[in-house]
Protein chains: 2
Amino acid sequence: MADILIIEDDTVIAGSLSNYLKSEGYSVRTAPGQREGLRLFRETPPDCVLLDVSLADGNGFSVCTAIRSSSEIPVIFLTASADEACTVAGFEVGADDYISKPFRPRELAARIRNVLRRRSSAPKILRCQNITLDPSKALVMKNNQEVFLSALEYRLLLLFLSNPGQLISRDRIADELWTISGEFIGDNTLNVYMKRLRDKIEDDPQNPVIIKTIRGLGYKAAES
Amino acid sequence: MADILIIEDDTVIAGSLSNYLKSEGYSVRTAPGQREGLRLFRETPPDCVLLDVSLADGNGFSVCTAIRSSSEIPVIFLTASADEACTVAGFEVGADDYISKPFRPRELAARIRNVLRRRSSAPKILRCQNITLDPSKALVMKNNQEVFLSALEYRLLLLFLSNPGQLISRDRIADELWTISGEFIGDNTLNVYMKRLRDKIEDDPQNPVIIKTIRGLGYKAAES
DNA sequence: CAGATTTGTAATACAGCTGAAACAGAATTG
DNA sequence: CAATTCTGTTTCAGCTGTATTACAAATCTG
């Protein structure tokens with residue numbers, strides 16, 4: 001999941017923050033001061049920075065300015081007091097949000113999700129041989145040429161490409177595709193759909209490469 | 001300067017807020033409840049909404065959800081207490097920020113500047129084929145000729161143009177357009193609206209190009 | 001309040017998807 | 001190698017999902 005950089009000189013706070021965020025599934029790095037913080041930032045830009053206003057080797061505003069000079073990565077200020085001047089100054093140097101100690105963990109998590117949501121739009125595209133499937137667009141391409149699948153054919157292909165190299169039993173397929181409506185279907189129906197799908201995505205449907213039959217066990221999509 | 005809509009049922013607070021923000025150079029409108037607030041919002045979308053959590057005719061969260069269904073205009077929640085549950089719930093429905101009473105004026109102003117800065121970086125006009133939609137003006141043009149859409153048609157188009165190339169399921173559309181009031185609508189109603197919209201924006205409504213049907217999955221707007 | 005517009009529902013039409021039947025072929029079994 | 005089981009292939013009737021039209025109720029506007 002997202003990578004968060006904490007720049008905070010109080011090691012107790014940094015540690016507890018780090019633990020909490022790791023428990024939420026984030027990967028976390030910490031730095032005790034601006035020098036180290038900026039070094040880590042440049043080494044591998046994180047997805048979000050939590051920045052203490054008062055650092056031992058300088059204040060957080062200059063760090064934020066430095067980050068903003070090269071990046072739009074979200075910065076959330078941490079401060080000991082709800083001091084208004086700090087808040088304003090923080091926003092002036094381009095902070096994305098501001099939260100004062102002591103932190104309410106769920107609020108912090110919510111604010112992090114919030115700033116990350118604004119930036120995140122990473123489309124994951126499934127690939128297998130010369131086939132690609134973009135779930136967010138329901139778009140299937142074969143050799144960069146769009147392939148038009150029916151809804152069931154699409155869901156069938158999606159099931160396989162989501163589990164590359166995995167054996168998938170006929171029962172499992174039937175469940176995933178048809179249990180939606182609770183109904184059960186004839187036994188050969190699945191064969192028919194396999195053929196329909198293969199006719200559209202395989203170069204040689206008689207000798208399938210993308211989805212192979214494992215007789216007696218099920219089917220298996222090729223890896224990558 | 002920027003236009004701010006305050007939705008707040010306490011007229012004293014609304015009045016003082018309004019005065020202060022006007023003195024800062026903003027143009028301000030106020031609404032005492034969600035119904036009037038959403039009407040003003042749709043009438044002329046503001047640049048930012050200040051939204052009281054507890055309104056006489058319902059809570060602010062549903063208003064925020066309603067706003068988010070058709071717009072990315074920043075929403076800042078106002079609350080009497082620094083209650084954490086409120087804060088989290090506010091962010092969950094897509095709030096941009098959160099501030100508790102009593103307000104420190106400069107902080108409020110800074111937060112408003114902050115959310116405005118985030119959005120103003122992109123003067124966004126949505127385009128798709130020969131259609132353009134300017135959210136800030138609620139203006140839709142086809143071949144540089146204004147097209148007059150009803151509120152629902154507009155929100156429907158906005159939903160699609162905000163997600164070009166993306167598959168949008170019928171369920172999602174129903175949620176985004178009609179869950180505002182929690183009511184559920186008949187199944188064909190959406191079909192009817194798709195037709196009405198297509199009749200107004202497509203050159204050949206029978207063979208739609210802007211918004212295509214993906215049978216069994218949903219609809220999809222063309223990219224760019 | 002009258003007229004116009006918008007909104008939701010019902011009725012109908014229809015393309016093409018869906019599921020099953022029937023048959024063919026291939027792999028496995030004894 | 002025959003019998004059996006599993007999978008592939010073709011075909012087609014019926015149905016589902018979407019489009020279309022028409023209309024009543026609700027809402028807006030002057």
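Lettering of chains follows the sequences in order, A, B, ..., and the numbering in each one begins at 1.
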Tell me whether the count of non-hydrogen atoms from other residues, nucleotides or ligands lying under 6.0 Å of [atom1] in [X] goes above 12.
X: A:Asn143; atom1: CG; value: yes
X: B:Asp187; atom1: CG; value: no
X: B:Arg35; atom1: CZ; value: no

Can you check the [X] [atom1] to [N] [atom2] distance for me, whole Å?
X: B:Glu202; N: D:dT20; atom1: CD; atom2: C1'; result: 16 Å
X: A:Leu149; N: C:dC17; atom1: CG; atom2: C1'; result: 13 Å
X: A:Asn207; N: D:dG8; atom1: CG; atom2: C1'; result: 13 Å
X: B:Arg35; N: D:dA26; atom1: CZ; atom2: P; result: 14 Å
X: B:Leu190; N: C:dT9; atom1: CG; atom2: P; result: 12 Å
X: A:Leu177; N: C:dG19; atom1: CG; atom2: C1'; result: 13 Å
X: B:Lys212; N: D:dA19; atom1: NZ; atom2: C1'; result: 17 Å
X: B:Asp187; N: D:dT20; atom1: CG; atom2: C1'; result: 15 Å

State whether [X] places a side-chain N or O below 4.0 Å from either non-bridging phosphate oxygen (OP1 or OP2) of [N].
X: A:Thr213; N: D:dG8; value: yes
X: A:Lys195; N: D:dT10; value: yes
X: A:Gln206; N: C:dG25; value: no
X: A:Ser150; N: C:dT18; value: yes
X: A:Trp178; N: C:dT18; value: no
X: A:Tyr219; N: D:dG8; value: yes
X: B:Arg198; N: D:dA19; value: yes
X: B:Arg170; N: D:dT18; value: yes

| query | Do you know which two heavy atoms are closest between A:Pro164 and A:Ala222, and how far apart they sit? | reply | CB-O, 3.8 Å

| query | Where is the tightest heavy-atom contact between A:Pro45 and A:Ile73, given as atom of each residue plus distance? | reply | CB-CD1, 3.8 Å

| request: Enter the distance from A:Glu153:CD to A:Ile201:CD1 here, rounded to the nearest 0.5 Å. | output: 10.0 Å

| said: Just to be sure I understand the rule, does B:Leu152 reach a base, reach only the sugar-phosphate, or reach nothing, if contact means heavy atoms closer than 4.0 Å? | reply: sugar-phosphate

| query | Hey, does A:Asn188 reach any base, or is it just sugar-phosphate, or nothing, if we go heavy atoms under 4.0 Å? | reply | base

| Out of C:dT9, D:dA19, C:dG19, which nucleotide sits closest to the side chain of B:Asn191? | D:dA19

| remark: Testing C:dT18, C:dT7, D:dT21 for proximity to the side chain of B:Tyr193, the answer is C:dT7

| task | Hey, which sits more toward the 5' end of DNA chain D by its nearest nucleotide, B:Pro208 or B:Arg196? | result | B:Pro208

| task | Specify the residue among B:Gly216 and B:Asp199 whose closest nucleotide of DNA chain D lies further upstream toward the 5′ end. | result | B:Gly216

| said: Counting distance alone, no hydrogens or angles: does the base of D:dT16 have a donor or acceptor under 3.5 Å from a partner atom on the side chain of B:Arg215? | reply: yes

| request: Could you say whether A:Val192 or B:Glu153 is positioned toward the 5' end of DNA chain C, judged by the nucleotide with the nearest heavy atom to each? | output: B:Glu153

